[in-house]
Amino acid sequence: MAASSPNEWIEIMEDELPTAVVHEFLYAGEGGGVCIFAGTTRRFTGEKETVRLFYEAHNSMALKEMRALVSRATETWPVLKAVLLHRTGEVAVGQASVIVGVTTPHRDDAFLASRFLIDELKKSVQIWKKEVYRNGSTEWVETDWES
Amino acid sequence: MAASSPNEWIEIMEDELPTAVVHEFLYAGEGGGVCIFAGTTRRFTGEKETVRLFYEAHNSMALKEMRALVSRATETWPVLKAVLLHRTGEVAVGQASVIVGVTTPHRDDAFLASRFLIDELKKSVQIWKKEVYRNGSTEWVETDWES
Amino acid sequence: MIVTLRFFSVLREAFGAGVVEVELEAGTTGAELIELLAVNNEEVEKLQSVIRLAVNDDYIDPTSLLSDGDDIAVITPVSGG
Amino acid sequence: MIVTLRFFSVLREAFGAGVVEVELEAGTTGAELIELLAVNNEEVEKLQSVIRLAVNDDYIDPTSLLSDGDDIAVITPVSGG
């Protein structure tokens with residue numbers, strides 16, 4: 001699944017997220033501010049040690065929702081370039097499962113738009129996360145339903 | 001000038017900023033949230049077309065101030081890893097002159113800490129920027145003095 | 001009528017399959033389908049109030065009538081990121 | 001006494017050099033040094049109210065006395081980022 005427009009790169013992928021290419025893509029916006037958020041696997045949550053995560057997506061719905069979120073961001077802020085990438089399958093501790101990035105003329109908007117994208121992605125994009133703990137047990141992460 | 005601690009990478013460099021290495025460094029914090037801001041050269045400001053920037057630093061004072069800013073961030077938020085890199089010399093349009101990055105357990109703090117670092121860097125770090133325009137003219141950027 | 005159901009995460013594991021075909025009476029609504037699934041599966045029962053259905057990648061109203069051939073995703077609260 | 005002055009950006013270009021040694025009377029303060037520079041240089045005159053001096057990488061008070069051998073950075077408003 002490739003970029004949906006020259007200024008938007010929205011993709012669900014099984015491989016490691018290509019961070020250097022994300023920077024190149026966003027810098028090409030020739031804006032002044034680039035804000036990137038990467039969600040990585042946190043090793044400890046309280047006493048529990050996570051060794052990896054497993055992500056599953058309803059790909060077609062998730063991509064549609066990701067495109068809708070980028071559209072909303074673009075309508076709200078002067079977005080020159082936007083990236084929204086999410087991995088599925090196994091993700092080891094210390095790797096990124098999601099990368100959000102935005103280029104805008106000024107930095108205020110880059111921070112606000114990328115904050116919006118990661119917050120909304122977590123609420124509405126049809127992707128589910130399972131924690132795999134050191135002791136071998138696994139758990140699908142439960143979240144509050146927000147419609 | 002190398003990293004000042006295993007968790008802080010503060011440097012002034014003449015070469016292109018190493019984005020992939022920045023991600024690796026920040027992911028190694030094993031936190032949950034990584035926020036990176038890159039300041040890139042904006043091509044147009046009003047009617048004026050910038051073709052490149054030139055940065056000059058008082059290196060020893062600038063590094064000292066950058067370390068102080070990272071310390072303040074670390075005292076205020078639960079920062080696991082922090083990156084503060086600034087280029088000097090010529091920077092072309094579409095390249096980053098500065099990269100700020102923070103890893104924290106939760107994303108709120110990553111956004112706040114990196115926002116703090118870029119805002120304060122622009123106010124207090126002893127680095128100066130000259131715009132080089134398409135028509136050949138140049139201009140040292142003037143800013144408000146904030147002590 | 002025959003519809004296709006798609007399960008993910010907790011429900012995929014609870015049903016032991018990601019995609020199943022089921023026969024429903026004509027005139028079944030979305031809410032009624034969830035009721036039917038809840039009778040035979042305690043994960044569905046537990047999540048019943050927060051499950052949403054989507055047909056052809058669009059969420060539907062619980063009162064919507066399902067149609068023969070519908071491709072129905074059974075969506076539980078998401079947890080990506 | 002002899003001190004070293006370091007200029008950057010606008011002032012480096014205005015003075016045509018980044019580092020210069022100057023002779024000052026003993027007992028000269030930071031504010032007096034800026035006055036002296038302003039007399040001979042219109043960029044310093046223009047920026048006089050916002051220039052700060054640093055000795056050995058620490059900002060000093062305008063009333064501080066300078067000492068023989070001081071390495072003095074003449075800092076104008078910064079514009080990095």
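These numbers come from the heavy atoms of this one structure, side chains and all, not from hydrogens, waters or symmetry mates. Given the structure is predicted, the values throughout are model-derived calculations rather than measurements. In what follows, every chain begins at residue 1, and chains take the letters A, B, ... in the order their sequences are listed.
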> Given that the side chain runs from C-beta out, which part of B:H58 has a heavy atom under 4.5 Å from chain D: side chain, backbone, both or neither?
Replying inline: both

>> Is B:K130 in contact with chain D via its backbone, its side chain, both, or neither, using a 4.5 Å heavy-atom distance?
In response: side chain

> Under 3.5 Å, side chain of B:W140 to main-chain N/O of D:S79, donor-acceptor pair present?
Replying inline: no

>> Please classify the contact between B:V125 and chain D as side chain, backbone, both or neither, with a heavy-atom cut-off of under 4.5 Å.
In response: backbone

>> Please give me the minimum heavy-atom distance between B:S97 and D:G81, naming the atom from each residue.
In response: OG-O, 3.4 Å

> Within the side chain of B:H86, is there an N or O that forms a donor-acceptor pair under 3.5 Å with the backbone of D:G80?
Replying inline: no

>> With salt bridge (Lys or Arg N to Asp or Glu O under 4.0 Å) as the rule and sequence neighbours excluded, what pairs involving residues 17-28 of chain D come up?
In response: none

> Which of residues 26-39 of chain B get closer than 4.5 angstrom to chain D, counting heavy atoms alone?
Replying inline: none

>> Using a 4.5 Å heavy-atom cutoff, which residues in residues 10-20 of chain D come close to chain B?
In response: D:V10, D:R12, D:E13

Please list every donor-acceptor pair under 3.5 Å in which a side-chain atom of residues 75-85 of chain B meets a protein atom from a residue at least two apart or in another chain.
unit_1: B:T76; atom_1: OG1; unit_2: B:R72; atom_2: O; d: 2.7
unit_1: B:K81; atom_1: NZ; unit_2: B:P6; atom_2: O; d: 3.0
unit_1: B:K81; atom_1: NZ; unit_2: B:N7; atom_2: OD1; d: 3.4

> What distance separates B:Y55 OH from D:S9 OG, expressed to the nearest 0.5 Å?
Replying inline: 13.0 Å

> So which part of B:S60 gets closer than 4.5 Å to some heavy atom of chain D, the side chain, the backbone, both or neither?
Replying inline: both

> How many angstroms lie between CG in D:L47 and CD in B:E142, if you round to the nearest 0.5 Å?
Replying inline: 7.0 Å

>> Between D:D58 and B:K64, is there a side-chain heavy-atom distance shorter than 4.5 Å?
In response: yes

>> Taking side chain as everything from C-beta outward and backbone as N, CA, C, O, which of these in B:E56 sits under 4.5 Å from a heavy atom of chain D? Side chain, backbone, both or neither.
In response: side chain

> Shortest non-hydrogen contact from B:K122 to D:V78?
Replying inline: O-CG2, 3.5 Å

> Given a strict heavy-atom distance threshold of 4.5 Å, which part of B:A57 is in contact with chain D: side chain, backbone, both, or neither?
Replying inline: backbone

